[in-house]
Asks: 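Mind having a look at this structure? Questions to follow.
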There are 2 protein chains.
Amino acid sequence: MSFSSDAPRPGDAPRPGRESYHHGNLPEALVAAALRLIAASGPAGFTFAEVARAAGVSPAAPYRHFRDRNALVAEVARRGFEAFAAELEVAWNGGRPDPIAAIESCGKAYLAFARREPASYAAMFEAGFPFDEHAGLLVASERAFAVLRRAAEAACDGLAGGGVRPPALMVALHLWAVAHGIASLFVGHGGNPARRKLPMSAEALLEAGWLVYLRGLGSPT
Amino acid sequence: MSFSSDAPRPGDAPRPGRESYHHGNLPEALVAAALRLIAASGPAGFTFAEVARAAGVSPAAPYRHFRDRNALVAEVARRGFEAFAAELEVAWNGGRPDPIAAIESCGKAYLAFARREPASYAAMFEAGFPFDEHAGLLVASERAFAVLRRAAEAACDGLAGGGVRPPALMVALHLWAVAHGIASLFVGHGGNPARRKLPMSAEALLEAGWLVYLRGLGSPT
DNA sequence: AAGGACATGTGAAAGACGCTTACATCAAAA
DNA sequence: TTTTGATGTAAGCGTCTTTCACATGTCCTT
């Protein structure tokens, strides 16, 4: 609620207020504008020209940096996955103090990200176009999933030796499905229609869900 | 792949092929066209005019039946929730032969619907606008959730008497989150970016996930 | 420091498309 | 038959997309 358009900050060469011919840092400004617009109307709720206008440049300018609208959304999603992976990594913290506690920490981090960056999360999971054509995006999403995968491995390692060892990949997919289901259904952007009032916070819901699931695997909690 | 546009069938008054001035059954034709377009490009991937074209009428015609694009998508979603609720109800089958088996049956029905009607499912859960303004939609979604809710109650009733009885609402939300997470991440429309290859079918993944969760609750399976 | 290559943004224009207003058509009731 | 309300059309207006030639600024070379 302060700036009508993004201040150009390359280092600090062109002054703010758009007094120079060149913007100075248009790619960043476009990504930032896209995030605002996605937050307001979803990943499909804005046009390329609108992003240009929000960044204070002509409709043709974005084409110098992104082939089309999808490429811009893909960049938003890629950055989202990078940040997401980094935050999950921090939450996982090498599995300390113990795998279960670290997994719960990941759950908090998962929902915290979905809550704090709903626009990024929407771009990441509701982009509306396949990732194949955008290099780096699949890689980034893989990095995020890898944290859950590692957490699942650790959880499986820590099980009481009695039963059959469950496949870690399956466990990771289950953990992810619960987290994404809760984030998608109960957190964030007004876009989600079936949202309903919860008897508890989404965080508590996820923590309880993961704990029950892990106990079902044979975890000694 | 047979009809280029929907045949007008009010009862059978105007002939097919669009020889009369009036369409005859435009609302139905619009809903059908919207389903096709949603299946192709997602709930936000088409315009009102496009629906009109697909139904073989002028761009202004749909306004006679739906206030705007959202109202059309809302009607698609409402019908989707009605059908969804009905199919879950059949799968639940009063909890027979036993609650666990009936719940697994619901899981199959859940994913079967998401697989068979990806357009409906997308309209139901990725509409991109709040449900509040569309009467009947919230009611229909409530009917669908009520089945899961009842299943959760039965599951809680069937637990070995040892531990604390978990809140049925929480259990229902967990079951729903897993199912939606799997459907959203691994089933259906190319729109979902982060889709990845699974080591097993989505159905098997959901069945395993629910069973592990129920065992975590104390279910004697 | 001068000159030139490259990157970046502008302005305009063509084409397509979507949305809306005034009008046309039809069915059923009076 | 006439009237009335419901339903669909045609055409105009505005916006978006995309591409051109051109303007501006930066940086590298000499």
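In what follows, chains carry the letters A, B, and so on, assigned in the order in which the sequence lines appear, proteins first and then strands, with residues in each chain numbered from 1. Remember, it's a predicted structure, so these values are computed and weren't measured experimentally.
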Asks: Rounded to the nearest angstrom, tell me the gap between atom CG in A/Leu30 and atom C1' in C/dG9.
Replies: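 Checked: the CG to C1' distance equals 12 Å.
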
Asks: Would you mind writing out the side-chain donor-acceptor pairs for residues 74-88 of chain B within the sub-3.5 Å range, not counting sequence neighbours?
Replies:
unit_1: B/Glu75; atom_1: OE1; unit_2: B/Arg78; atom_2: NE; d: 3.2
unit_1: B/Glu75; atom_1: OE2; unit_2: B/Arg78; atom_2: NH2; d: 3.1
unit_1: B/Glu75; atom_1: OE2; unit_2: B/Arg79; atom_2: NE; d: 2.7
unit_1: B/Arg79; atom_1: NH1; unit_2: B/Glu28; atom_2: OE1; d: 3.1
unit_1: B/Arg79; atom_1: NH2; unit_2: B/Glu28; atom_2: OE2; d: 2.8
unit_1: B/Glu82; atom_1: OE1; unit_2: B/Arg143; atom_2: NH1; d: 2.6
unit_1: B/Glu87; atom_1: OE1; unit_2: B/Arg116; atom_2: NH2; d: 2.5
unit_1: B/Glu87; atom_1: OE2; unit_2: B/Arg116; atom_2: NH2; d: 2.7

Asks: Within this structure, what is the CG-to-P distance between A/Leu26 and D/dT24, rounded to whole angstrom?
Replies: 18 Å

Asks: Got a sec, which pairs hit salt bridge (charged side-chain N to carboxylate O under 4.0 Å, His left out) with one end in residues 101-113 of chain A, sequence neighbours left out?
Replies: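 Every salt bridge (charged side-chain N to carboxylate O under 4.0 Å, His left out) pair that includes a residue of residues 101-113 of chain A, provided the two are not neighbours, is A/Lys108-A/Glu207.
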
Asks: Looking at B/Leu138, is its backbone amide N or carbonyl O close enough to the side chain of B/Ser141 to form a donor-acceptor pair, meaning the two atoms are under 3.5 Å apart?
Replies: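 Between the backbone of B/Leu138 and the side chain of B/Ser141 there is a qualifying donor-acceptor contact (under 3.5 Å).
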
Asks: So does A/His65 get a side-chain nitrogen or oxygen closer than 4.0 Å to the phosphate oxygens (OP1/OP2) of C/dG9?
Replies: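 Answer yes for this pair, as a side-chain N or O of A/His65 is under 4.0 Å from OP1 or OP2.
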
Asks: Got a sec, which residues hit side-chain contact (heavy atoms from CB on, under 4.5 Å) with A/Asp68, two or more places apart in sequence or on another chain?
Replies: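 side-chain contact (heavy atoms from CB on, under 4.5 Å) check on A/Asp68 returns A/Asn70, A/Ala71.
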
Asks: Tell me: CG of B/Asn25 to P of D/dA6, nearest whole Å?
Replies: 17 Å

Asks: For A/Glu133, which residues count as a side-chain hydrogen bond (donor to acceptor under 3.5 Å, both in side chains) partner, sequence neighbours excluded?
Replies: none

Asks: Treating primed atoms plus P, OP1 and OP2 as sugar-phosphate and everything else as base, which nucleotides of nucleotides 16-22 of chain D get B, S or - for protein heavy atoms under 4.0 Å?
Replies: SSBB-B-

Asks: Enumerate the residue pairs fulfilling ring-ring contact (aromatic ring centres under 6.0 Å, His included) with a member in residues 44-78 of chain A, sequence neighbours excluded, ordered by first and then second residue.
Replies: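 Qualifying pairs: A/Phe48-A/Tyr63.
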
